[in-house]
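Ligands are counted one by one from 1 in listed order, and the atoms in each one are counted from 1 as well. The figures here come from the full heavy-atom set of this structure, side chains too, leaving out hydrogens, waters and symmetry mates.
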Amino acid sequence: MSLISAATVSQHASRDSCWIIVHGKVYDVTDFLDDHPGGSKIILKYAGTDATEAYDPIHPPDAIKTNLPTQKHIGEIDPSTVAKVVKKVTDADRKRQALLDARPPLDEILNLHDFEAVARSVLPDKAWAYYSSASDDEITIRENRAAFQRIWFRPRILRDVTSVDWSCTILGQKSSLPLYISATALGKLGHPDGELNLTRAAGKHGVIQMIPTLASCSFDQIVDAAVPGQPLFLQLYVNRNREITKNYVQHAERRGVKALFITVDAPQLGRREKDMRMKFVGDDAGAKVQEGQSGVKKDQGVARAISSFIDPSLSWKDIPWFRSITNMSIILKGVATPEDAIMALEAGVQGIVLSNHGGRQLDTSRSGLENLVDIVAALKTRGPWPNPNFSVFVDGGVRRASDVLKALALGASAVGVGRGFLYAFSSYGQEGVERAIQIFRDEIEMNMRLLGARNLSEVVPEMVDASALHSHATITPRDSLYDQTYQPLRLAQPKTR
Ligand code: PPY
């Protein structure tokens, strides 16, 4: 195949003929412009040039292969024709480097809130906005933390807690902690290695990672970074095109993924105003994406820009189809009521995650923790409890091992931690994740000793007082670390003159 020169590519720099270079390959994206979920404007900005740097953090590497017909794959760029661009160091780069240099040493990070504070200071504004944002008034994201503070411990004494053991299995897979790394999208916005930071740290420390459908790294890159035998779960956004979903799921199973967590709380993405105010889709302040294309309105933030493939018609009727295409455990992620928990049990899935999507979907939804109490009570009326064939997970707001133990005491099989680990790698890469795991380990050991539980089966409902959990008007102790990292929403600002 003959190579294409940079000069040739640069002649295709308009809406009528738009070529771009990504990872040394030349693509004709002219006909795709109006179908691009993020809008045509952002592609046109790179028309006739190399778009790799902008492309990488927000697309899995195989996105072009999947979405662009092969006849539009023009060929390879002739590297000898590409001017060796010395990347201009901008003021923003210099500022970010200075912030990175000013990070506290890792051994001064004592808790998960510390990672959040460092991430907030070092992340580019758009990345922080996307990760930290939640929907509408962000009441639910704060409630996720507050709910843990409405539960009080009732510790037992004099139990010889010389040795305590918190190892467990999650969906039949060994885990060194009663928690798993929950899926969070677009890891490369936070760190150049993206989700691989999690995979490597998880492999080293026996923790299970749930791979996000919308990872920045490709699924195969992530699986390739795992050590032999390292258990992995997969989070699934169901595509309108079920063939794509089927191939993806079956590929994951062939590659050894153990469980499929189908997201069921996001038929449409919540409005996340911090993200929206960043006008992410235009990629420069004030840029506008054309309205009316692919249902994506201007300035809707990064999440909405890439969510149009998700199928809002997903329903209970689809569950048997999932069962027919895979033997992996199937878990519904985003259950919030006893009614749906019972339906999930009756549908024959292997578990549910009581989640409100980190407060990013329906605002003023209750916390997973609060729902846990009602859901466990309902499940107890339908068979053995705990049910070895039906796991109940909780996520949202977990920052401390005490949070984990409260959820376990109330009947959770394990908990998911998403943002906690996301902020750990955004601030310190893989080492940050390892430190976060170590912190959870230290805290869990101490808390189990102080609680009088020698193993996780001794963490029982009697060890917590959840009487205030359902009261949303109760006075909770101030969560001062969280309150310092939480960034309040802001109103529209007048134009600066
Ligand atoms: C989220 O941002 O909450 C996600 O779950 C990831 C995502 C990102 C973009 C589109 C849909 C979902």
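Numbered from 1 in the order shown, with element, the atoms of ligand 1 that lie under 4.0 Å from a heavy atom of Tyr237 read 4 (C), 5 (O), 6 (C), 12 (C). Ligand 1 places these atoms under 4.0 Å from at least one heavy atom of His357: 1 (C), 3 (O), 4 (C), 5 (O). Residue Ala185 approaches ligand 1 through these ligand atoms, each under 4.0 Å from one of its heavy atoms: 6 (C). In summary, the atoms of ligand 1 found under 4.0 Å from a heavy atom of Ile310, numbered by their order in the structure, are 11 (C).
The side chain to side chain donor-acceptor pair (under 3.5 Å) test applied to Arg96 returns no partner, not counting sequence neighbours.
Counting heavy atoms under 4.0 Å from ligand 1, residue Leu186 does not touch it at all.
For the side chain to side chain donor-acceptor pair (under 3.5 Å) with Asn356, the qualifying choice from Asp363, Asn144, Asp265 is Asn144, the only one to do so.
Ligand 1 has no atom lying under 4.0 Å from any heavy atom of Gln361.
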Evaluate the criterion salt bridge (Lys or Arg N to Asp or Glu O under 4.0 Å) for residue pair Asp114 and Arg435; output intermediate values, then yes/no. CA-CA 11 Å; Asp114 283 341; Arg435 174 96 183 145; over 6 Å; no
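For the atom pair SG (Cys217) and CD1 (Ile222), the distance works out to 5.5 Å, reported to the nearest 0.5 Å.
Checked by distance only, ligand 1 and Ser307 stay at 3.5 Å or farther apart across all their nitrogen or oxygen atoms.
Relative to the six-membered ring of Tyr131, Arg272 misses at least one condition, a distance below 6.0 Å or an angle of at most 45° to the axis.
When the heavy-atom distances from atom 7 (C) of ligand 1 to Thr263, Thr213, Leu214 are ranked, the shortest goes to Leu214.
Residues in residues 479-493 take part in these side chain to side chain donor-acceptor pair (under 3.5 Å) pairs, two or more places apart or across chains: Trp128-Gln487, Glu138-Tyr486, Arg142-Tyr486, Arg145-Asp479.
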